Amino acid sequence: MELILIFFSAAIVNNFVLAYFLGICPFIGVSNKITSAFSMGLATTFVMTITAIVTWLIYHLILVPFHLEFLEYVSFILVIASLVQFVEMFIKKVSQPLYRALGIFLPLITTNCAILGLALFIVLREYTFLQGIFFGVGAGAGFTLAITIMAGIREELDLADVPKAFQGAPITLIVAGILALAFMGFSGLISV
Amino acid sequence: MDLTLIIAIATMGGLGFLFAGGLAIADKKLRVEENPLIGKINDLLPGANCGACGKAGCYDYAVNIVENNAPVNGCPVGGNETAVLIAEILGVETNASVKMIPRILCRGGNSEAVKKMAEYFGPLSCSAMDIVSGGDKLCYYGCLGGGDCVNACPFNAMLMNSDGIPEVIEELCTGCGMCVKACPRNVIEMHPQDRNVFVYCKNQDDPKRSKDVCTVSCMGCGICARKSEGGVEIVNNLAVINYDKFVESNIPFDKCKTKAIDRIDKISTGQNN
């Protein structure tokens, strides 16, 4: 039960993008088409899940026994960078068009603060291994949800009559704000 | 030396080694064999991804050149220079392609075309005008003046002149043909840049109406066709130039009362005049 609560807490109530405002750069940058946004969400979810697993193992099996907690940032970054490299190779192999659509935002997952934030939250909240995995999957699902909703709205927005001064980035940021406002309605439902 | 320091270095070194090994294996398994020529050709292409070559973008065109033997002169934006450079890389010959330029084959601007009794209020867009009411000009065939072609141009090579007719800035034009697609009345046509005689009208109305709706329309009188020996034909009350048989000296340009058939200087910069 607690695991499910952690999952929904990370995915909806405390959505990484819309409640913590982490990972805004791909959220704005890759959200102009639903298909590429969804793929970006899946890539990020994959990296988040594996990051949650590997960083937990590194932290609890290597860093804590050797009293090297101060190395958590640099080792977590190492894990994330390697994983992103792997995902990049994988996507390039599997789907060239997707690789081109994601472009620079794919390697930028490395410095996506949502992912480092996830690893640090797991340490901070002292999650167990299983809890950490659910937290990672939930955070990824939440990111996918947010970026896909955003892409859907932006696809509709292309056909709307937006005042000239608001076209492009301004209306995107306004929509993101309203979306965050809507997600604020969930806040406090679960306190995990 | 402090023990913690040594352990820290060893740990990070070990972790780094571990991940590096993993990535090395993944690289072996997942490496995508890519012909280095594709990257080279992609660098030569303009990178506008306009799709004028008929492919999904510049990179896709480069792939098609290398793998499917697509013609090297297929990029109208890069033009002859690009074709020659690509041909050099591939070691093939290219036949020089003449740059294609869009020509606006209507001169019925606000002062020439006769307006309707009603005024047009609505989106200033040719496609909207064409669907709703045909704009505010009486002519069913001519330029609507809404500027869809100007907006469609990805290279800012078009502008509306003061008479409400678009003009092409040939230095900026790359010949991608986006304006041709944007025009709902098919007033714009692609022609080789060295072609200099055009019929600047698309009106297929009978001579009377043709004369009533516009002062520069082709009425289909046929005076230009008479001695052209097949170079000009009258089709649906409109003079059509058959460029294969066409000889410029056979055309009595000054006999055309409305100057609908006209020539431009070969090195002209603007569209008209």
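Small disclaimer: the values here were computed from a predicted structure and weren't measured. Throughout, a chain's letter reflects where its sequence line sits, starting with A, and its residues are numbered from 1.
Formation of a donor-acceptor pair under 3.5 Å by the B:Asp148 side chain with backbone atoms of B:Ser125 is not found in this model. Remark: the backbone N or O of B:Ile38 is not paired with any side-chain donor or acceptor of B:Asn35 at under 3.5 angstrom. Using a distance-only test at 3.5 Å, with no hydrogens or angles considered, a donor-acceptor pair links the side chain of A:Asn15 to the main chain of A:Ala11.
Aromatic ring centroids of A:Phe16 and A:Phe143 lie 6.0 Å or more apart.
Contacts of residues 11-22 of chain B with chain A at a heavy-atom distance below 4.5 Å involve B:Thr11, B:Met12, B:Leu15, B:Gly16, B:Phe19, listed in sequence order. Contacts between residues 70-95 of chain A and chain B, defined by a heavy-atom separation under 4.5 Å, are made by A:Phe70, A:Leu71, A:Val74, A:Ser75, A:Leu78, A:Val79, A:Ser82, A:Gln85, A:Phe86, A:Met89, A:Phe90, A:Lys92, A:Lys93.
The pair B:Glu170-B:Arg103 counts as a salt bridge, with a side-chain nitrogen and a carboxylate oxygen less than 4.0 angstrom apart.
Applying the ring-ring contact (aromatic ring centres under 6.0 Å, His included) definition to pairs two or more places apart or across chains, those involving residues 32-59 of chain A are A:Trp56-A:His60, A:Trp56-A:Phe129.
For the residue pair B:His191 and B:Glu189, a side-chain donor N or O sits within less than 3.5 Å of a side-chain acceptor on the partner.
Relative to the six-membered ring of A:Tyr127, A:Arg125 misses at least one condition, a distance below 6.0 Å or an angle of at most 45° to the axis.
Residues that satisfy the side chain to side chain donor-acceptor pair (under 3.5 Å) test with B:Asp27, not counting sequence neighbours, are B:Arg31.
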